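Worth knowing before you read on, the calculation uses all heavy atoms, side chains too, and leaves out hydrogens, waters and symmetry mates. The model shown is predicted, which means the values in this text are computed figures rather than measured ones. Whatever order the structure lists ligands and atoms in, that order sets their numbers, starting from 1.
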Amino acid sequence: MGQLLSAARERMARAAEKLELAAETVDRLDYPAETLAFSIPLRRDDGSLKQLKGWRCRYNSTLGPTKGGIRFHPSVSEDEVQTLAFLMTMKCALMGLPFGGGKGGVSVDAGDLSLMEKERVARGYVRAAARILSPDRDVPAPDVATGTQEMAWMVDEYGQIAGGIAPHAFTGKPVALGGIEGRTPATGRGGLIALEAVREQLGLEGKDSLTIALQGFGNAGSWFARAASEAGHTIVAVSDSSGMVSNDDGLDVEALVKAKKDGGSVTDYGDGDTSDDGIAIIEAECDVLVLAALGGVIADADDVKKLSCKAIVEIANRPVLPAADEPLREAGIDVVPDILANGGGVTISHAEWVQGRTGLDWDAEEVDDYLEEKMESAAGEVRDLMDEQGLDMRTAAYGVALKRLCAAISATGTADDFAG
Ligand code: GLU
């Protein structure tokens with residue numbers, strides 16, 4: 001088993017131990033159900049041929065079809081895909097969705113591909129993975145460097161292979177192709193709902209307006225920033241892969257979105273201090289540090305020493321690594337964990353899947369209400385378990401997810417049933 005997956009599973013083991021869950025049910029979650037590894041031949045625009053490595057992992061389907069995104073990034077590996085599929089298993093269980101966990105990826109730098117090359121990769125991925133995909137078995141969605149455009153190509157390719165249109169085979173599609181209003185902002189908006197719901201547990205209840213530093217200004221990060229500034233919070237610093245911009249009086253989020261669109265980076269925003277050291281944002285003095293870029297940003301005790309925040313929100317998947325858990329506890333910094341903080345994305349994917357399955361459209365208000373209800377309810381269960389058992393937020397979130405998974409696993413029989 002890869003190092004990333006085995007480190008991630010330690011968090012599950014800690015929660016299982018605290019909750020005294022039956023070992024044989026937790027053991028079922030120890031290892032992925034299946035992982036398909038393949039190569040995707042990419043004919044580049046200059047005529048050359050390049051082989052790309054791709055994976056799709058279905059980690060566990062106890063609660064339903066496996067669900068999770070497909071990312072295009074040079075750091076993608078089998079270990080990372082399996083770890084992210086494990087996280088999706090926990091996330092879908094925590095959010096109370098009828099889905100298991102899956103994930104996919106291609107090891108490629110999307111920034112290095114033309115639009116037509118991206119289309120070839122997206123369609124090539126589906127051709128290679130089609131044998132394990134299906135609307136009732138494994139349902140992909142966007143992830144890092146993929147979005148509505150990639151899902152449009154993928155669902156089209158899948159329809160050609162399957163011999164018919166299956167809108168619920170992919171989520172995160174353009175609205176014109178069976179997508180749902182509100183899926184794109186859902187991860188960011190859901191992150192703010194989660195943060196508000198656990199403010200007391202984070203020790204941030206007294207202040208109306210929080211100061212927020214935000215790493216990553218892609219889809220999830222920018223929608224989180226919009227929602228947070230509309231709610232009256234002050235965004236004091238934002239970074240992306242080119243650098244960082246900060247202003248203690250607050251940054252204008254719409255102007256940041258425009259700067260990023262026009263110039264390619266938040267550093268093109270005019271009114272603030274700019275630096276080309278984007279990673280230094282973790283040192284920003286603020287109430288809440290929101291991590292919405294990639295995994296592994298706070299990796300160990302040395303990274304924790306650099307922090308000047310009171311709490312962390314993980315909008316990306318696995319930005320805080322297990323080796324930083326104990327140093328964070330000692331520093332008194334609690335973390336709203338990824339499986340809760342970014343659970344809004346897959347929640348609205350569920351609404352989109354239901355829409356495709358039933359043929360009945362949801363309107364924007366229904367989507368907003370569903371997002372709020374699911375985020376509030378998952379956060380409430382996490383709060384209750386924290387209070388009951390004196391747990392940190394991540395352990396409690398894993399605990400809620402595991403209780404649901406273990407109940408379903410044990411419903412098919414336990415050692416006691418069979419021995420009796
Ligand atoms: N990639 C997103 C995540 O990590 C969304 C998954 C989905 O909607 O299936 O949660």
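Using a 4.0 Å cut-off to heavy atoms of N317, the atoms of ligand 1 that qualify are 4 (O). Under a 4.0 Å criterion applied to the non-hydrogen atoms of M88, ligand 1 contributes the atoms 3 (C), 4 (O), 6 (C), 10 (O). Shown in contact with K103 at under 4.0 Å from a heavy atom are these atoms of ligand 1, numbered in order with element: 1 (N), 3 (C), 4 (O).
Protein heavy atom nearest atom 7 (C) of ligand 1, with residue, atom name and distance: A141 CB, 3.3 Å. At the shortest separation from atom 1 (N) of ligand 1 among protein heavy atoms lies D143 OD1, 2.7 Å. Shortest contact from atom 9 (O) of ligand 1 to any protein heavy atom: K67 NZ, 2.8 Å. Among all protein heavy atoms, the one lying closest to atom 8 (O) of ligand 1 is S349 OG, 2.6 Å.
Residue contacts with ligand 1 for P142 involve N, CA, C or O but no side-chain atom from C-beta outward (heavy atoms, distance under 4.0 Å).
In this comparison of R71, K91, R183, the heavy atom closest to atom 5 (C) of ligand 1 sits on R183.
E326 and R329 are joined by a salt bridge, as a carboxylate oxygen and a charged side-chain nitrogen come within less than 4.0 angstrom of each other. A salt bridge links E381 with R404: the closest approach of a Lys/Arg side-chain nitrogen to an acidic carboxylate oxygen falls below 4.0 angstrom. A salt bridge is absent between R394 and D334; no separation between the charged side-chain nitrogens and carboxylate oxygens falls under 4.0 Å. Under a 4.0 Å N-O distance rule, the pair E254/K258 does not qualify as a salt bridge.
Exactly one of D338, N342, T347 qualifies for a side-chain hydrogen bond (donor to acceptor under 3.5 Å, both in side chains) with K91. That residue is N342.
Using a 30° and 60° split on the angle between ring planes, Y370 and H350 fall in the tilted class, from 30° to 60°.
K118 contributes atom NZ, which lies 10.0 Å from atom OG1 of T146 (distance to the nearest 0.5 angstrom).
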